[in-house]
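Heads up, the thing below is written out as structure tokens.
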Amino acid sequence: MAIVGKKFPSVSIDAMSEMGDDLKINVFEEAVSKGKKVLLFWYPKDFTFVCPTELHAFQAALPDFEKRNTIVIGASCDTNEVHFAWLNTPKDNGGIEGVTYPILADTHRQLSNILGIVEQEVEYDEEGNEIFSGSNVTFRATYLIDETGKVFHESVNDMPVGRNVKEYLRLIDAYAHVQKHGEVCPANWEEGKEAMNANRTGVAEYLSAN
């Protein structure tokens, strides 16, 4: 279900802090009440393989997100207890020790089902009984949410494919440029490059120069 251009669902979900505190986080309210952008990234499961590389990559880029007035929040369907165990597992043993941003524990699939990112299929047998298939965990979905709670980017990777963290920084820069200047950002735009006016003259001038 595509939600770009719409308000992010206002749902409070259990979460774990780096210090082991049980939290309740409403991603929509985090954006609106704090006047910040939010990057929410979902990963399939704790104590797996591609996942810790992504959590560490987002942690390494945390100062870059903070410079852009952006909160980073991780999320999976694991419990808070499993999150905390993983947070206390050293990096050189496959853990995420050193990660400081909060991680949602959507154990009931409340938010992830609203977003439609759970790998789960339901069929029915001849007697009408439900037959479930799939891993029942989330794909690698990513949402960028602005200060009003509106989603300005969403993407979903299959489970074996890790994300490029730098691309989300670029997208935040582009959206911030649009917010500030009212221009639009062409293909491969990066901070400091030329944008253009959203009209026939603007695109003609841009294409003639590029």
Side-chain angles (χ1 to χ4, degrees), residues 1-4 8-9 11-18 20-28 30 38-62 65 70-123 130-145 151 153-169 171-172:
M1 178 182 68
I3 60 171
V4 168
F8 192 82
V11 180
S12 294
I13 301 296
D14 289 335
M16 173 57 59
S17 77
E18 62 170 315
D21 299 317
D22 292 322
L23 309 173
K24 281 279 189 181
I25 293 181
N26 183 314
V27 175
F28 175 84
E30 285 289 298
V38 175
L39 182 146
L40 172 66
F41 73 97
W42 294 82
Y43 62 92
K45 203 171 183 181
D46 293 354
F47 291 99
T48 52
F49 317 112
V50 175
C51 297
T53 70
E54 292 192 312
L55 273 82
H56 285 297
F58 279 109
Q59 178 65 34
L62 202 57
F65 286 106
T70 301
I71 299 168
V72 173
I73 301 173
S76 79
C77 297
D78 297 280
T79 65
N80 269 354
E81 291 77 12
V82 176
H83 283 338
F84 190 55
W86 206 26
L87 283 161
N88 281 281
T89 301
K91 182 178 180 180
D92 60 8
N93 197 28
I96 58 167
E97 187 177 42
V99 166
T100 61
Y101 48 81
I103 306 173
L104 301 186
D106 189 23
T107 55
H108 298 292
R109 279 71 172 167
Q110 183 181 7
L111 180 55
S112 50
N113 275 325
I114 291 172
L115 298 171
I117 58 173
V118 179
E119 189 202 26
Q120 182 71 274
E121 298 291 336
V122 182
E123 298 178 349
E130 293 179 329
I131 301 174
F132 295 93
S133 61
S135 65
N136 201 31
V137 299
T138 65
F139 294 103
R140 299 185 192 282
T142 314
Y143 298 87
L144 291 174
I145 302 148
V151 178
H153 169 84
E154 65 177 313
S155 59
V156 183
N157 290 8
D158 201 356
M159 295 178 193
V161 182
R163 282 163 277 218
N164 184 334
V165 173
K166 291 181 180 179
E167 172 63 4
Y168 301 109
L169 294 169
L171 289 166
I172 293 168

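What you are looking at is a predicted structure, and each value in this text was computed from that prediction instead of being measured. Note: hydrogens, waters and symmetry copies are ignored here, and every other heavy atom, side chains too, is used.
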Side chain to side chain, Phe8 and Asn26, heavy atoms closer than 4.5 Å: no
Separation of Cys51 SG from Met159 CE (nearest 0.5 Å): 9.0 Å
Test item: Glu97 and Lys91 side chains (from C-beta on) under 4.5 Å apart, heavy atoms: no
Where Pro102 and Ile25 come nearest, the two heavy atoms and their spacing: CB-CD1, 3.6 Å
Short side-chain to backbone donor-acceptor contact, Asn93 and Thr89, under 3.5 Å: no
Expected output: side-chain Asn157 to main-chain Val161 donor-acceptor under 3.5 Å: yes
Sidechain-backbone polar pair: Asp106 side chain, Ser112 backbone, donor-acceptor under 3.5 Å: yes
Min side-chain heavy-atom separation Asn136-Arg109 under 4.5 Å: yes
Residue pair Gln110 / Val11, side-chain heavy-atom distance below 4.5 Å: yes
Tyr101/Phe41 aromatic ring centres below 6.0 Å: yes
Beyond-backbone contact of Ile117 with Tyr143, side-chain heavy atoms, under 4.5 angstrom: yes
Backbone of Pro160 reached by a side-chain donor or acceptor of Asp158 within 3.5 Å: no
Chi angles and distances behind the side-chain contact (heavy atoms from CB on, under 4.5 Å) call for Leu104, Leu111: CA-CA 10 Å; Leu104 301 186; Leu111 180 55; 4.3 Å; yes
Distance in Å, Ser76 OG paired with His83 NE2, rounded so as to fall on 0.5 Å steps: 4.0 Å
Residue pair Phe58, Leu39: steps toward the side-chain contact (heavy atoms from CB on, under 4.5 Å) verdict: CA-CA 10 Å; Phe58 279 109; Leu39 182 146; 3.7 Å; yes
Exam field: side chain Glu119 to backbone Ser135, donor-acceptor pair closer than 3.5 Å: yes
Side chain proximity check, Val38 to Thr70, heavy atoms < 4.5 angstrom: no
Nearest heavy atoms of Phe47 and Trp86, plus distance in Å: N-CE2, 3.3 Å
Greater than 12 external heavy atoms within 6.0 Å of Phe49's CZ: no
Inter-residue atom distance Ser155.OG - Leu171.CG, 0.5 Å rounding: 8.0 Å
Atom pair CG/NZ of Asp78 and Lys45 - distance to nearest 0.5 Å: 7.0 Å
Gln59 side chain vs Thr100 backbone, donor-acceptor pair below 3.5 Å: yes
Asn80 versus Asp14, side-chain donor and acceptor atoms under 3.5 Å: no
Side chain His56, main chain Gly95, donor-acceptor under 3.5 Å: yes
Leu23 to Ser17 - nearest heavy-atom pair and separation: CD1-CB, 3.9 Å
Minimum side-chain heavy-atom gap Leu40-Val72 below 4.5 Å: no
Nearest-0.5 Å distance that lies between atom CD in Glu154 and atom CD1 in Ile145: 10.0 Å
Minimum heavy-atom distance between Gly162 and Val50, given as atom pair plus value: CA-CG1, 3.9 Å
Gap separating the CD1 atom of Ile96 from the OH atom of Tyr43, nearest 0.5 angstrom: 5.5 Å
Non-hydrogen atoms of Ala105 and Thr79 that approach each other most closely: CB-C, 3.9 Å
Closest heavy-atom pair and its distance - Met16, Asp22: CE-OD1, 3.3 Å
Heavy-atom side-chain proximity of Thr142 to Trp42 below 4.5 angstrom: no
